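Since we're looking at a predicted model, the values are computed, not measured.
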Amino acid sequence: MLIVLGPSPASGGAAAPPDEWSAVVVPDGEGAPEPAVRFRRAQAPDVVRGLPARLGAEAAQVRWVLASVAEAYAPWIAAGVHVDRCWDLGLVQRILTRAASAPGSGVGPTGGSGGAGYRPVCEIPVLEPEDPAAHPRHDPAQDAFFDLPGAAQTGPDALMLAAELRAQRAAVEHSAHPHRLRLLVAAESQGALVAAEIRAAGLPWSRPVHEALLAEQLGPRPPEGERPARLQALAERIGAALGAPGMNPDSQPTLLRALQTAGVTVESTRQWELNRWIEQGGAARQERAALLAPVMEYKALARLWTANGWHWLDQWVGQDGRFHATYLVGGVVTGRWAAHGGGAMQVPSGVRDAVRADPGWTLTVADASQVEPRILAAMARDEALARAGTTPDLYREVAEQGRAAGTALADRARAKVALLGAMYGATTGDSAALMPHLRRLYPAAIGLLERAAAVGEAGGQVSTWLGRWSPAPDEEWLASVADVSTQAAESSARRRRRSAGRFTRNFVVQGTAAEWALCWMGEIRRRLRAAGMATQLVFFVHDEVVLHGPAEEAEAVRALVADAATAAGRLLFGQAPVDFPLTVASMGSYAEAK
DNA sequence: GGCTAGTGCCAC
DNA sequence: AAACGTGGCACTAGCC
């Protein structure tokens with residue numbers, strides 16, 4: 001059963017009160033959807049709790065349809081209301097709108113078996129949870145200002161949302177692969193629930209551990225506006241060593257000039273280039289390393305200070321000792337999640353020790369191994385690569401196969417570089433040189449990547465396994481690749497085609513891996529709920545999850561997470577031709593992972 | 001004061 | 001501009 005929740009529509013010519021919502025039950029068969037219940041928006045959790053029984057339905061059978069789960073769900077969680085299933089109209093609209101621009105999707109106006117093509121009934125912006133529009137402030141003066149006739153203060157009403165739902169369902173059913181797109185819709189929507197729940201739970205973060213770590217590396221917390229003592233001392237040493245006393249190492253132009261004046265022949269101040277200069281020193285390597293040691297140390301510590309220092313702690317770790325990461329489901333063009341605020345997707349390994357389980361609880365960290373090449377093997381139905389994908393260490397097995405075939409892909413490191421390079425579109429170096437060997441060993445897999453690249457170079461769109469499409473190139477791109485008026489224009493056109501090809505090449509793999517991860521988390525969530533466990537998902541980074549729960553649940557949780565990974569593979573690929581093994585362990589500190 | 005571009009580093 | 005994909009974010013410099 002589908003129940004749409006949204007702002008009440010006008011009735012009898014009278015506008016509904018601004019904070020009134022309606023529940024619209026969408027019948028399975030014929031019949032128009034009708035508002036079944038009207039309620040104040042703040043009462044939504046009670047409605048969600050009570051309405052299914054009043055309609056004679058099991059709560060677990062209801063799919064709640066919302067314009068934006070990110071916007072609506074947080075107060076429900078706060079009220080202790082969790083739902084099993086939902087349909088996020090905004091997230092699905094984004095997927096369908098993009099698909100509609102791709103001729104092969106079956107979603108657009110030209111394709112489809114009987115569908116007229118997907119056109120949104122109403123625009124549903126994908127709001128960030130921080131977006132002021134997601135949390136309208138109740139300032140009466142503002143209300144008066146926005147209460148103009150026709151002002152879309154509350155967005156589409158529940159009946160419009162029901163109509164949009166209808167359009168979305170039709171588009172899915174008429175698409176090229178309805179069962180896959182259905183899964184994507186369910187997984188993306190479930191992802192929105194997971195993201196909101198992770199944010200609400202938060203990653204347990206020990207302020208004392210973090211502060212001790214900062215004190216150890218940077219010295220005591222400095223007064224506002226001053227550098228920490230260790231950094232200040234290093235800045236002075238750098239100035240002295242480079243013959244530029246008083247210089248500010250935070251100023252890249254200043255530092256670069258000082259380095260060059262001191263005979264350090266680099267063109268940037270990047271760490272890798274400084275390291276390369278040291279390596280090239282021959283007999284003078286020691287001297288060079290000693291000269292640049294304070295610079296390197298300054299860079300590392302300055303990064304810690306600015307990215308994850310005391311300010312970060314104050315801003316992102318509240319009194320509850322949790323880091324509440326805000327995830328943007330499908331926020332990356334490939335479908336990966338993005339994060340907003342606090343750098344949640346880039347918590348450096350150096351500060352992960354501050355992530356500590358509560359007393360009596362434990363962190364379970366699960367990291368999926370080599371997801372992308374496994375995904376590639378499964379998508380391409382590449383038998384040989386899939387064989388490697390049934391082993392725990394895919395790269396090692398690829399090296400075995402490479403050695404047996406007498407190719408240069410004879411050790412694990414080369415196998416890894418070659419495969420990653422193939423998925424990223426490497427054109428130089430070791431990985432490009434190994435491509436012919438890879439192509440011979442895995443013609444189906446490499447063929448899939450090269451076809452995806454060719455589509456991108458030609459300005460076309462590609463799709464993930466479940467049906468998330470890459471964007472169509474914009475006018476500017478089309479014009480630039482058509483411009484062959486000069487040699488410079490022609491080479492620029494070629495460069496941009498290649499770049500688009502690398503993007504689509506990577507898109508199919510990265511995007512499908514993101515779909516696997518989405519299903520993985522959905523399965524974890526479903527199983528945790530079914531088992532009635534207290535353990536919660538508290539963190540996610542592309543192919544890694546962190547759960548936090550009572551120590552006595554840990555053993556079951558490890559098994560549950562691994563089972564969920566297998567189930568996700570089955571959901572995508574049926575009897576999955578590859579395995580999705582995990583490195584999974586329970587621990588007190590996140591730093592113990594890997 | 002705000003804004004953008006450039007730079008550099010973190011994660012996968 | 002580091003070869004080779006996706007991002008976020010902090011800082012400086014230089015503009016209005």
Side-chain angles (χ1 to χ4, degrees), chain A residues 128 227 231 247-257 266-277 295-296 298-309 311-312 315-316 325-328 330-352 367-373 375-376 416-435 449 452-453 456 462 464 468 470-471 495 498-514 516-517 539-546 590 593-594:
Chain A
E128 296 186 12
R227 283 197 184 98
L231 272 178
M247 69 161 290
N248 172 16
D250 294 329
S251 165
Q252 190 267 353
T254 309
L255 179 59
L256 182 57
R257 237 176 293 120
V266 290
E267 282 166 22
S268 78
T269 63
R270 289 181 177 78
Q271 266 177 23
W272 70 264
E273 199 178 348
L274 298 180
N275 275 320
R276 193 181 63 181
W277 181 79
V295 177
M296 307 296 236
Y298 184 91
K299 280 174 160 289
L301 292 181
R303 169 78 192 181
L304 173 65
W305 179 46
T306 56
N308 295 100
H311 276 157
W312 183 91
Q315 188 173 358
W316 296 108
T326 304
Y327 291 101
L328 307 175
V332 177
V333 63
T334 55
R336 272 186 175 182
W337 289 13
H340 183 69
M345 298 302 238
Q346 323 141 238
V347 175
S349 62
V351 303
R352 292 190 179 185
D367 186 312
S369 312
Q370 309 134 3
V371 175
E372 293 189 353
I375 290 289
L376 173 61
K416 180 176 177 176
V417 162
L419 265 172
L420 289 174
M423 292 185 292
Y424 288 156
T427 54
T428 63
D430 285 354
S431 75
L434 292 167
M435 272 296 284
L449 293 172
V462 295
T464 60
R468 194 187 306 264
S470 67
R495 235 182 357 258
R498 290 271 157 78
S499 174
R502 286 193 300 275
F503 167 63
T504 49
R505 168 195 292 267
N506 186 252
F507 182 96
V508 295
V509 179
Q510 186 184 115
T512 305
W516 176 84
F539 200 59
F540 167 66
V541 201
H542 306 313
D543 60 2
E544 179 176 340
V545 294
V546 180
Y590 195 5
K594 277 183 271 184

Q: Would you kindly give the CG-to-C1' distance between D543(A) and dG7(C), to the nearest whole Å?
A: 14 Å
Q) Can you check the K416(A) NZ to dG5(C) P distance for me, whole Å? A) 18 Å
**Q.** Value in whole Å for how far the C1' atom of dG7(C) lies from CZ of R502(A)
**A.** 17 Å
Q: State which residue, out of T334(A), V371(A), L449(A), fulfils the side-chain contact (heavy atoms from CB on, under 4.5 Å) condition with V509(A).
A: L449(A)
Q: Take atom C1' in dA3(C) and the same atom in dA5(B), then report the distance between them in whole Å.
A: 24 Å
Q.
R352(A): which residues meet the side-chain hydrogen bond (donor to acceptor under 3.5 Å, both in side chains) condition with it, sequence neighbours left out?
A. Y590(A)
Q) Touch check for G331(A), heavy atoms < 4.0 angstrom, all strands: base, sugar-phosphate only, or nothing? A) nothing
Q: Specify the separation, in whole Å, of atom OH of Y327(A) and atom C1' of dG7(C).
A: 14 Å
Q) A344(A) near the nucleic acid: base, sugar-phosphate alone, or nothing, with a heavy-atom cut-off under 4.0 Å? A) nothing
Q.
Expressed as a whole number of angstroms, how long is the span from Q510(A):CD to dG7(C):P?
A. 7 Å
Q: Indicate yes or no for a side-chain donor-acceptor contact from T504(A) to the backbone of A500(A) under 3.5 Å, with no hydrogens or angles considered.
A: yes
Q: Could you check whether G343(A) gets within reach of a base, just the sugar-phosphate, or nothing at all, counting any heavy atom under 4.0 Å?
A: sugar-phosphate
Q) Taking C-beta and beyond as the side chain, do E372(A) and D543(A) meet within less than 4.5 Å on heavy atoms? A) no
Q: Starting from P on dG5(C), measure out to CG on L419(A) and report it in whole angstrom.
A: 17 Å
Q.
Can you list everything that forms a ring-ring contact (aromatic ring centres under 6.0 Å, His included) with F539(A)? Sequence neighbours excluded, please.
A. none
Q: Apply salt bridge (charged side-chain N to carboxylate O under 4.0 Å, His left out) to R276(A) and list each qualifying residue two or more places apart in sequence or on a separate chain.
A: E273(A)
Q.
Please check if the number of heavy atoms outside K299(A) that lie under 6.0 Å from its NZ is greater than 12.
A. yes
Q) Roughly, in whole Å, what's the span from CE in M423(A) to P in dG5(C)? A) 13 Å
Q | Bounds of contact between DNA chain B and chain A, in 5' to 3' order, using a heavy-atom cut-off under 4.0 Å | A | dT7(B) to dC12(B)
Q) How would you label the contact of Q271(A) with the nucleic acid (heavy atoms, under 4.0 Å): base, sugar-phosphate, or nothing? A) sugar-phosphate
Q: Would you classify V333(A) as touching base, sugar-phosphate or nothing, given that sugar-phosphate means primed atoms plus P, OP1 and OP2, and contacts are heavy atoms under 4.0 Å?
A: sugar-phosphate
Q: State whether R336(A) places a side-chain N or O below 4.0 Å from either non-bridging phosphate oxygen (OP1 or OP2) of dT6(C).
A: no
Q) Who are the side-chain hydrogen bond (donor to acceptor under 3.5 Å, both in side chains) partners of S349(A), not counting sequence neighbours? A) none
Q | Between dT6(C) (C1') and N506(A) (CG): distance, integer Å | A | 7 Å
Q: Scan R352(A) against the nucleic acid and name what it touches under 4.0 Å (heavy atoms): base, sugar-phosphate only, or nothing.
A: sugar-phosphate
Q) Under 6.0 Å from the CG atom of D430(A), do we count more than 12 heavy atoms belonging to anything else shown? A) no
**Q.** Summary of protein contacts for nucleotides 10-16 of chain C, nucleotide by nucleotide, where a base hit scores B, a sugar-phosphate-only hit scores S (4.0 Å, heavy atoms)
**A.** SSSS---
(Q) Need one value for G429(A): base, sugar-phosphate or nothing, where a base atom within 4.0 Å counts as base even if backbone is also close, heavy atoms only. (A) nothing
Q | Trace of the side chain to side chain contact (heavy atoms under 4.5 Å, CB included) decision for I375(A) with V508(A) | A | CA-CA 10 Å; I375(A) 290 289; V508(A) 295; over 6 Å; no
